[in-house]
Amino acid sequence: MYAKLFVLVVFATVVGSLLLIMRQQRVDAMHEMAMLHRQINHHRHGLWQWQTKIADATDPPTLQEALVRAGLELEPITPLHRPIAVAKASP
Amino acid sequence: MTNRPATRIKPGPRAGCGTSARALLVGRIVMALITAVMLGVIGRVAQLQIAPPPQVQRLVNSQRSKEQLLARRANLLDRRSRVIASTRVAGTLFVDPQMIREPNTFSEVVGYTLGYDPAEIERKIDARLHTRYVLLDRELTDERAAALKDLKLPGLGSDLRLVREYPLGTAAGQVIGFVGVDGTGLEGLELVFNDTLTGRAGSLNYWRDARRRPLWVQSGSGAYRPPVDGEPVRLSLDAAIQSFAEQALANTCRGYDAESGQIIVMHPFTGEILAMANYPNVDPRTAGNMPPDLRRNRSVTDVFEPGSTFKPFIWAAATQQQLAKPEELIDCHMGFYVSPRGRRLRDVHGYGKISWDTVLIKSSNIGMAIVGQRMGSQRLYEAVRNFGFGRSTDSGLPGEIAGLVNPLPRWTHYSETSVPMGQEIGVTALQLARGYSALANGGYLITPTILAADADSPSPIKHQVISTAVANHTRQVMRLVVTEGTGQKAKSDLYEIFGKTGTAQVPDRVRGGYTADKYTAVFAGGGPVNDPQVVVVTVIHQPDKRKGYYGGIVAAPPSKQVIEQTLAYLGVTPTQPQAPPKPLLARSGH
């Protein structure tokens with residue numbers, strides 16, 4: 001009888017421990033998730049900073065100055081598209 | 001009493017039953033106790049979960065924390081997806097005066113560590129000592145943000161806020177508008193597209209430990225609401241063309257000490273506004289502190305008398321209605337003419353009989369007035385309205401006005417001679433650009449747009465004003481204005497530019513009539529004449545009369561410069577092959 005009780009208690013302890021371990025793993029995973037959320041947010045903000053810096057450094061007058069300094073000669077770029085054919089359109 | 005002998009009882013077959021029963025009983029009792037305890041624990045857990053006592057609830061709440069996830073206000077882009085307005089994150093520095101433990105040394109520590117004036121910090125804190133939030137710095141520099149990480153001072157905190165940036169600086173400042181401190185669009189395109197650009201902030205609910213470090217994200221719905229960034233808007237403006245226009249306009253206005261000016265560059269077929277420059281310009285970052293007068297996008301909010309730049313519309317309408325033929329000779333009375341109703345008109349240069357074409361080339365007021373009388377008020381009025389004057393262009397730009405065209409019943413006998421030479425009428429620079437677009441695209445009135453057009457865009461055509469043949473002929477005549485007439489300063493070695501100059505006196509709002517020494521110099525045109533790709537309108541308000549005030553002198557040169565630069569930038573082959581252009585970006589250095 002006591003042996004059975006012992007086995008029962010041991011079994012319950014093992015099950016409890018396993019449950020605790022699983023719970024801890026879940027907590028760890030959720031903590032990891034929380035940290036990832038923060039990192040993602042941080043990276044998003046960093047990305048915005050870089051996009052703004054790139055835009056600042058590549059506006060046409062700045063680029064033009066850089067090209068003049070470098071003595072580069074560029075080909076003209078693609079003409080505007082002309083999506084409408086006025087001559088064909090009926091008023 | 002009977003003494004029973006002590007005997008050793010042999011265990012019978014049922015002797016173990018008593019022990020087993022006891023053990024069973026004990027076991028049951030233990031199990032019942034354990035079960036009862038477990039049920040009690042479960043009940044307590046349920047109670048704590050479902051309806052915790054207030055003191056527990058407070059404790060639980062102190063471990064929860066809701067973090068706001070910023071949503072980005074989307075970019076305003078130019079037609080080639082270059083950034084016109086962007087958003088980044090900046091740290092703010094604030095103080096909670098209630099949490100300061102060392103009030104005597106706080107300002108010094110913060111000031112000397114982060115590089116602020118301690119006296120200024122103290123002044124700010126003292127001014128709002130009983131609040132929980134005193135802003136010390138709206139935008140922390142990277143260095144200060146790094147130094148702040150090592151400074152653990154109770155009461156000192158940092159937060160994030162969104163900052164709107166304008167990489168093009170002052171370019172198109174009045175068109176772009178600006179946002180308020182909270183990031184909401186207050187003026188210009190920032191206001192018009194506010195709903196599209198604005199994102200929806202998200203939130204993340206954390207459990208935190210006793211030291212406020214995040215442990216994990218709360219479970220359950222609503223614990224995590226992802227931020228949704230705004231949708232970018234691609235404008236028709238082209239950053240490069242805008243910079244050409246801004247530069248030419250600023251140089252001209254400074255050179256002639258002009259009060260203000262505008263340049264509009266428009267695609268005559270799609271109605272796309274490729275550039276809209278206003279002078280004096282405004283920096284959207286500080287526009288909120290500027291006077292409203294400067295912040296106005298005068299290209300659509302202010303009217304001016306177009307003067308002779310209005311003549312091509314009446315000229316084309318009269319030609320269309322065959323009230324005057326190109327080769328017909330009109331008697332211009334050697335520069336002085338009195339109308340049948342007694343109005344006296346003068347031309348700058350006197351001409352005798354000249355062809356109808358020459359009337360426009362030489363910009364004869366008398367020739368235009370004579371044909372205007374032939375047309376009569378009704379037809380003149382219809383022509384003016386057909387070219388879109390006196391009504392908004394529906395460009396979608398904020399503050400756009402309809403211009404000034406008197407209703408027909410208010411026209412006097414003067415009107416038949418005034419309107420054909422661009423008097424008694426008020427137009428916006430955008431209306432003028434749209435009118436010239438009709439002359440450039442074969443006679444179709446279009447709706448200007450500030451949004452980039454693509455294959456799915458609706459047709460910009462409103463209606464046909466004049467026939468394609470008349471529009472083409474009007475353009476050819478305006479080409480002669482540039483080669484032989486008043487617009488020779490717009491003559492290009494690269495492209496066949498067409499256009500018309502105008503010089504209008506500024507109406508005197510106090511005494512009526514016109515001021516003696518204030519003028520508006522205008523040039524409207526485009527190029528190349530046989531296949532127009534751009535229309536440019538330049539308006540220079542009140543240039544210094546001593547330096548020059550004629551449209552052909554003041555407004556034509558910047559127009560030529562912008563047309564040349566724009567056409568080269570767009571890759572349009574020069575029509576004057578004897579002088580091939582150098583590649584644009586390398587050529588047009590400052």
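A note on names: the letters A, B, ... follow the listed sequences, proteins ahead of strands, and every chain is numbered from 1. Computed from a predicted structure; not experimentally measured.
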Atom of [X], atom of [Y] and distance for their closest heavy-atom approach:
{"X": "B:Arg82", "Y": "A:Pro60", "result": "NH1-CG, 4.1 Å"}
{"X": "B:Leu70", "Y": "A:Arg44", "result": "O-NH1, 3.2 Å"}
{"X": "A:Ala34", "Y": "B:Trp216", "result": "CB-CA, 3.9 Å"}

Centroid-to-centroid, A:His37 to B:Tyr224, below 6.0 Å?
-> yes
Residues which pass side chain to side chain donor-acceptor pair (under 3.5 Å) with B:Ser467, listed by chain and number, not counting sequence neighbours = B:Gln320
Determine whether A:Gln64 and B:Ser243 make a side-chain contact, defined as any pair of heavy atoms from C-beta on separated by less than 4.5 Å.
-> no
Could you tell me which portion of B:Asp456 (side chain, backbone, both or neither) has an atom closer than 4.5 angstrom to a non-hydrogen atom of chain A?
-> neither
Tell me, side chain or backbone of B:Leu160 under 4.5 Å from chain A's heavy atoms, or both, or neither?
-> side chain
Structural part of [X] lying under 4.5 Å from a heavy atom of chain B:
{"X": "A:Leu47", "result": "neither"}
{"X": "A:Asn41", "result": "side chain"}
{"X": "A:Lys53", "result": "side chain"}

Tell me, with the steps shown, if B:Val163 and A:Trp48 meet side chain to side chain contact (heavy atoms under 4.5 Å, CB included).
-> CA-CA 10 Å; B:Val163 177; A:Trp48 299 351; over 6 Å; no
Please lay out, stage by stage, how B:Thr87 and A:Gln51 fare under the test side chain to side chain contact (heavy atoms under 4.5 Å, CB included).
-> CA-CA 9 Å; B:Thr87 302; A:Gln51 283 178 345; over 6 Å; no
Top contributor to chain A interface from B:Arg72, B:Gln242, B:Glu67 [non-hydrogen pairs under 4.5 Å] =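 Winner by heavy-atom pair count: B:Arg72.
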Quick one: which of B:Val217, B:Ile84, B:Val83, B:Leu445 has the most heavy-atom pairs under 4.5 Å with chain A, could you say?
-> B:Val217
Would you say B:Arg64 has more than 12 foreign heavy atoms packed within less than 6.0 Å of its CZ?
->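 Counting other residues, nucleotides and ligands, CZ of B:Arg64 exceeds 12 neighbours.
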Step by step, work out the side chain to side chain contact (heavy atoms under 4.5 Å, CB included) result for B:Arg164 and A:Thr52.
-> CA-CA 9 Å; B:Arg164 198 71 165 154; A:Thr52 308; over 6 Å; no
Between atom CG of B:Leu215 and atom CE of A:Met35, what is the distance when rounded to the nearest 0.5 Å?
->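 Spacing of CG (B:Leu215) from CE (A:Met35) equals 8.0 Å.
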Kindly say whether B:Arg88 contributes a backbone atom to a donor-acceptor pair with the side chain of A:Gln49 at under 3.5 angstrom?
->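 Not a single qualifying donor-acceptor pair exists.
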